[in-house]
Amino acid sequence: MAPHQALLPPPIPRGFPLEWSLGTFATPASQFMTSDFSSGAAPASLDWNDPAILALRRDMLKFAHLQLRDEGAAEDAVQEALIAAMRHRDGFAGRSALKTWVFAILRNKIIDHLRKHAREIPASDLVHRSDDDGPDIEHLFEQDGHWTTQDKPHTWADPESALSQKQFWAVFDACVNHLPANTARVFMMREFLDLGTEEICEELAISSANCWVILHRARTALRRCLENNWFGGAPKPC
Amino acid sequence: MLNCRQATQLCSEERDRSLSLMERIALRLHTLICDSCANFRRQMDFLAQTTRRFREGRRPDDDA
């Protein structure tokens, strides 16, 4: 059994009611994000309409939807992750890392879902190039393999400051969404779900070399998209 | 000597596997003389930093 599976409760049917009471926090609901989960407060009911919970669900849904591209499956994964998080909150001892922890559980739910459904993606879709498979990066390079003049990567001014700007993340989302679906899936398994390439290859039945090439294409396309749309490069069609 | 296309492939692959000594040396030499690929390599670091924030739920609107 993979380590992450030990954390998870049994699957919960779709349409599971939001109002279902799971447990409570000794602190007011509005303090949810800073509650001390290790205090051993008596369980009662969790307010699913609390703004902090709603905001957390919204962010989790956005994350799950990007990976799964299926609203129902994303809802299920988020719901199951939240319930697992609440069940195991006694074992959670750091308040500042709460979101990191909840997202780690969500990631595991998404990985479980992808494992179950990975074989539904024909491997040929990943390996053989077609019009909608993999951003074409060949045109960025001259015949001799050097950058074309207009596609040379520029220096980015203070990229770290972008991470604290909401608009940057909107551009980032758009750039990820712009990747062809199959390329995006491999990229997200590697970067967002933090799976190793060996595991990705096994799940998708592709070779390591193919996996590395797909990841190279994805990163190159993302880099270019961010440069063109955020870091001040002249706007160019993707 | 690596060309830029090969160098960027290694910049990506060093995120996914350990490069051989020869690959590391070749990439180092290339990025010493090629500003574009040096930029590309730094931007791969930034991309990794960005995706790490995303997967940990640490986006600015998350804390609003």
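Throughout, protein chains are lettered first and strands after them, A, B, ... in sequence-line order, and every chain is numbered starting at 1.
Scanning residues 16-34 of chain B against chain A with a 4.5 Å heavy-atom cutoff picks out D16(B), R17(B), ordered by number.
Taking E199(A) as the reference, R115(A) meet the salt bridge (charged side-chain N to carboxylate O under 4.0 Å, His left out) condition, with sequence neighbours excluded.
Across every non-hydrogen atom of H154(A) and N39(B), the tightest pair is C-ND2, 3.2 Å. The heavy-atom pair separating Q43(B) from P153(A) by the smallest distance is OE1-CB, 3.9 Å. Across R55(B) and F103(A), no two heavy atoms sit closer than the pair O-CB, 3.6 Å. Heavy atoms only, all atoms of each residue included: S12(B) and W212(A) are closest at OG-O, 4.5 Å.
Between chain A and the options Q6(B), R42(B), R15(B), R52(B), the largest number of non-hydrogen pairs under 4.5 Å is found for R15(B). Ranking L106(A), D173(A), V213(A) against chain B, the residue ahead of the rest is D173(A), based on heavy-atom pairs under 4.5 Å. Options M60(A), E142(A), H146(A) differ in how many heavy-atom pairs under 4.5 Å they form with chain B, and the most are formed by H146(A). With chain B as the partner, the residue from T220(A), L193(A), D144(A), D194(A) showing the most heavy-atom pairs under 4.5 Å is D194(A).
Looking at T197(A), the atoms closer than 4.5 Å to chain B (heavy atoms on both sides) all sit in the side chain, from C-beta outward. Residue V176(A) does not touch chain B at all, counting heavy-atom pairs closer than 4.5 Å. Of the atoms belonging to C11(B), not a single heavy atom falls under 4.5 Å from chain A. Looking at L222(A), the atoms closer than 4.5 Å to chain B (heavy atoms on both sides) all sit in the side chain, from C-beta outward. Contacts of R219(A) with chain B are made by both backbone and side-chain atoms, with heavy-atom separations under 4.5 Å. Contact of E160(A) with chain B is made through backbone and side chain together, with heavy-atom distances under 4.5 Å. Contact annotation for F192(A): both backbone and side-chain heavy atoms come within less than 4.5 Å of a heavy atom of chain B. Contact annotation for F46(B): only side-chain heavy atoms (C-beta onward) come within less than 4.5 Å of a heavy atom of chain A.
Rounded to the nearest 0.5 Å, atoms CG (D35(B)) and NZ (K152(A)) are 9.0 Å apart. In this structure, CZ in F54(B) is found 9.0 Å from CG in D59(A), a value given to the nearest 0.5 Å. Note that the CG atom of L226(A) and the OG1 atom of T50(B) stand 7.0 Å from one another [nearest 0.5 Å].
Counting only heavy atoms from C-beta outward, the side chains of E13(B) and H216(A) never approach each other to under 4.5 Å. A heavy-atom distance below 4.5 Å is not found between the side chains of R5(B) and L140(A).
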* side chain to side chain contact (heavy atoms under 4.5 Å, CB included) between T8(B) and F141(A), worked out -> CA-CA 11 Å; T8(B) 59; F141(A) 300 96; 3.7 Å; yes
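For E71(A), the CD atom is loosely surrounded, since the number of other residues' heavy atoms within 6.0 Å does not exceed 12.
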